[in-house]
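Lettering follows sequence order; numbering is per chain, from 1. All of these numbers come straight from a predicted model, not from anything done at the bench.
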Protein chains: 2
Amino acid sequence: MPDSQIKQATLRDVADMAGVSYQTVWRVVNEHPHVAVDTRERVLQAVRVLDYRPHRAAQVLTTGRSYILQLVIFEYAYGDPLPAILHWAREFGYTMVVTELKDATSTEAVRATLRETAQMIDGLLMVMPYPHLSYEALAELCQGRPFVVVNTELGAKMPSVVFDQRHGTRQAVEHLVALGHRLIAEISGPLDNCDAQARHETWMSMAERYGLDARLSVAGDFETCSGYGAAKRLLGLGQPFTAVLVGNDLMALGALRAFDEAGLRVPEDISVVGYDDVDVAAYLSPPLTTVRQEFDILGRESVEYLVSLIEDARTPIQQRVLYPELIVRQSTRSLNASPVGV
Amino acid sequence: MPDSQIKQATLRDVADMAGVSYQTVWRVVNEHPHVAVDTRERVLQAVRVLDYRPHRAAQVLTTGRSYILQLVIFEYAYGDPLPAILHWAREFGYTMVVTELKDATSTEAVRATLRETAQMIDGLLMVMPYPHLSYEALAELCQGRPFVVVNTELGAKMPSVVFDQRHGTRQAVEHLVALGHRLIAEISGPLDNCDAQARHETWMSMAERYGLDARLSVAGDFETCSGYGAAKRLLGLGQPFTAVLVGNDLMALGALRAFDEAGLRVPEDISVVGYDDVDVAAYLSPPLTTVRQEFDILGRESVEYLVSLIEDARTPIQQRVLYPELIVRQSTRSLNASPVGV
DNA sequence: TGCCGCATTGTGAGCGCTCACATCGCGATG
DNA sequence: CATCGCGATGTGAGCGCTCACAATGCGGCA
C-alpha cells in the first residue's frame, strides 16, 4: 500500500499555474460569467493538467451543503428498497451513507446514530416501519434537516413515501374469495411493524365483510423460518382452511415447506398468497401468487422527494402513496378440494 | 419541514460560555492532559448545555481523516456481504458510503465514481469479483488511499479477503461422488466472475480426477431465472445425469423449479447442490444441500483489515482466505434411481 | 532573591473553498 | 474631456477545527 496519499491540487495551485488569482479559477470551475475566453482556456488547461477537483470537505465547511444523503435502515425492513435508493441517489447527484439501526425502538440509540453524521449530510431517508415516532419527534432527531420516511403508516402526517398495504391485501383476499375460498387463514408479519399491521387489519376487515373466521391467524416475524413455524402452528390449530394469506414472500416460502412436510399440496389442497414479489417468488414450486411492490419506484420517489425538500424550501409536506399489484401465479387455485385440518 | 437547520454550537461558542479559550475547550474535548480539574468541569458543562459536537467537515479539512469508508459494489455481487460490512464498519467507528457500480468493466466509469468521493473517505472496500484490474491499476484508481478487495481471485496479490471457492466446490463434488454419483452436471455462474470461474475450474479438475464427463456443463448468470433456463438446457442436451452442481443457491432454486416442471423429483431422480447457503436454502422443497459462506466473517475481516491499513502504516499487504463449509440437507441422496436424460 | 521547570492557558496560522466587496481599465455617453 | 457603466480580475474575511508555539503563574531550589 503506497502510504502517502497523493496530494490533491487546490484552487491556488491551479491559479498559480494559470497565472491568475484563485478567485478567477473559482469562477471558471463554478461556471460564473465575466471571465475572458482566453483566461478561461488557460485555467481549464491547468485544471486538466493538475487533475484538480474541489475538496468536498472544504465545500461542506463553507456552504453547509454536502450532497450526501443518509439512509437509515431499521431491522426487518432490510434489503429491498436499498438498491433502488442507491441507484436513484446517484442519479440525482448525491452520495449515500447507509446506516443500519438494530434497536429502532430506543429513541436514544437513534439520536446517537444520527449525531455521528449530523453535520455531514443534507437529508435523511428513513426506512422505518415502526410508527413509534411522531413527525415532531423525527424532526427533532433530524435536527431540522429534511427527511423522508420510507414505508410508514398510510396517512402518517409526515414527508413519506408508502405503499398502500390495504389495497394490496384487499386484492389478495378478493382473489381468494373469487376462487371460492371461505376458509382463509392468515400468517401475519410482526404486528409492531406497520406494514404487517396494515395488512393484518385489512385482512380482518375483509374477513368480516366476507364472513370469514378472523381467528384463523398466527403471526411470524417476516423471516423464512418464522413462516415455517407459523404454518405448523396453523395446522396444529385443528381448524380447517383452504387458503393462506401470508405476510410476505419469505414466510410464504417457509409455509410452503411446512405444507410439503405435512403432505399437503399447494395449490391442490391449500392456496397460498405471498406479499412483495421477491425475485425467487416466480420460481418456487409452485410459482407464488403474490402482491408486487415496485421497490424501484419507491426508491426513486423517496430520493426525488427528499432532494426536492432539500433544494426547494417550498416543497410541501406530503405522503406519496404507491399501489401494489396482485400477481397471480400457480400457488392459488379455484376451490375444488375438501378443506384440510380436522 | 422546519426550513432552518438548527445552528450547531462551535468550539468558540463553548469557549465563550465556559469563559476559556477555544484551545482549552479543544483540549477537554480531545482528552488532552494539562487542564485543571475545575476548568474541565466548566467546559464539559458548557458542552452539555450547548449540545456541542465537533464539525466533521472541519475535522476532515484539517486532519485529512474522515472516518468514512466507501463500499463499492459491482453488479451481481449484490447484497450478501453488505449487512455484515455495514455492521462492522459501525462497530469499528466508521461511517459507510455505499456506491453501486453497474459497469464494472469500464475503468473510466470506476474512476469517475471514485473521484466523486475521493477526498472524503479514508479507504475503500471493493466487492469486485471481476479480476480485470491489477493491484497497480486499483491503487492508481484509489489514488493512494488504502483499499481492500472483497471476493477476488484466490492468490491475487492485493489486499483482499476471499473465500476459497476451490475448497467449497471440492467438498460438494466429493459429497456427490461419495453418494455414488458419477453422472454429475454443472450449472456454473457467469465465467467472467472470478467466483464462478474458480468453482467451474475446480469442478472440471474434479471431473477429471473422478472420470466424470466435464462437458455436462452450462452457464447461468447467478440469477434465479438463469438457473431455471440452464436446467432446461441441461435436460435438453439428452445426456443422462444423476446430480447437478449449481453455481449458487438462487440458480439452484430456479433449477429445482425446472426439474419439477419436467416431472423429475429431487433428490429421488436428481441430487442438487447449491452454493452460498442463503436464508431460504433451508426451506426449499427439498431443503438445499449447499456450501455455506459466512458473510458475517467476510464482512468483519474486510473492515478490520481495511481499518488496520488505514490506522497502521505497517500493516502488510495480504490475502485473507476463509473456508466455506458444506451443509448437507435433503436435496442430495445416495444414488439408487436410474439416470435421467436420454 | 533570582532563576528554572512545569502545569496551565492562550495566540496565530492555516486546511481549501465561498462570497461580498474592491479595483482596474476601457469603450460609450453627455 | 470628464464621467459613467460594466466586464474582468483580485482581495480579505471567515467557515470550524488542529497544532505548533507563546505566555503566564507558581512552587522549588541554589
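- Electrostatic pairing of Glu116(A) and Arg56(B) does not count as a salt bridge here, judged by no charged N lying under 4.0 Å from a carboxylate O.
- The shortest distance between the side-chain N/O atoms of Thr39(B) and the OP1/OP2 oxygens of dT9(C) is below 4.0 Å.
- The nearest whole Å value for the distance from the OH atom in Tyr67(A) to the C1' atom in dC17(C) is 14 Å.
- Checking Tyr22(A) against Asp38(A), the closest nucleotide of DNA chain D that is more toward the 5' end is the one next to Asp38(A).
- Computed from coordinates, the His55(A) NE2 to dC17(C) C1' distance equals 10 Å when rounded to whole Å.
- Summary of helix geometry: the two end axes of the helix from dT1(C)-dA30(D) to dG30(C)-dC1(D), each defined by five base pairs via their C1' atoms, are inclined to each other by 80° (rounded to 10°).
- Cation-pi geometry between Arg65(A) and Tyr67(A) is met: the NZ or CZ atom falls under 6.0 Å from the ring centre, inside 45° of the normal.
- One atom, CG of Asp13(B), and another, C1' of dC17(D), lie 13 Å apart when rounded to the nearest Å.
- At whole-Å resolution of the value, CE in Met120(A) and P in dG16(D) are 15 Å apart.
- Atom OH in Tyr52(B) sits roughly 10 Å away from atom P in dG16(D) (whole-Å rounding).
- Toward the 5' end of DNA chain C, the nearer of the two residues Trp26(A) and Ala36(B), judged by each one's closest nucleotide, is Ala36(B).
- Protein atom CG of Asp16(A) is 14 Å distant from nucleotide atom C1' of dG10(D), rounded to whole Å.
- Applying the ring pair (Phe, Tyr, Trp, His ring centres under 6.0 Å) test to every pair with at least one member in residues 8-29 of chain A, sequence neighbours left out, gives these pairs: Trp26(A)-His32(A).
- Checking Ala58(B) against Arg27(B), the closest nucleotide of DNA chain C that is more toward the 5' end is the one next to Arg27(B).
- Residue His34(B) is in base contact, counting any heavy-atom pair closer than 4.0 Å across all strands shown.
- Ion pairing between a basic and an acidic side chain is recognised when a charged N comes within 4.0 Å of a carboxylate O; Arg53(A) and Asp51(A) show such pairing.
- Atom CD of Gln23(B) and atom C1' of dT9(C) are 9 Å apart (whole Å).
- Between Arg48(B) and Gln45(B), the side chains place a donor N or O and an acceptor N or O closer than 3.5 Å (distance only, hydrogens not considered).
- Taking only side-chain nitrogens and oxygens, Thr62(A) never comes nearer than 4.0 Å to OP1 or OP2 of dC19(C).
- Going from atom CD of Gln70(B) over to atom CE of Met126(B) covers 9.0 Å, rounded to the nearest 0.5 Å.
- Between Ser21(B) and the phosphate of dG10(C), there is a side-chain N or O to OP1/OP2 separation shorter than 4.0 Å.
- Residue Gln59(B) places at least one side-chain N or O under 4.0 Å from the OP1 or OP2 atom of dT18(D).
- Residue-level contact check: Val60(A) touches neither bases nor backbone, having no heavy atom under 4.0 Å from any strand.
- Checked by atom type, the side-chain pair Ser302(B)/Arg320(B) shows no donor-acceptor distance below 3.5 Å.
- Separating the CZ atom of Arg56(A) from the P atom of dG16(C) is a distance of 17 Å, rounded to the nearest angstrom.
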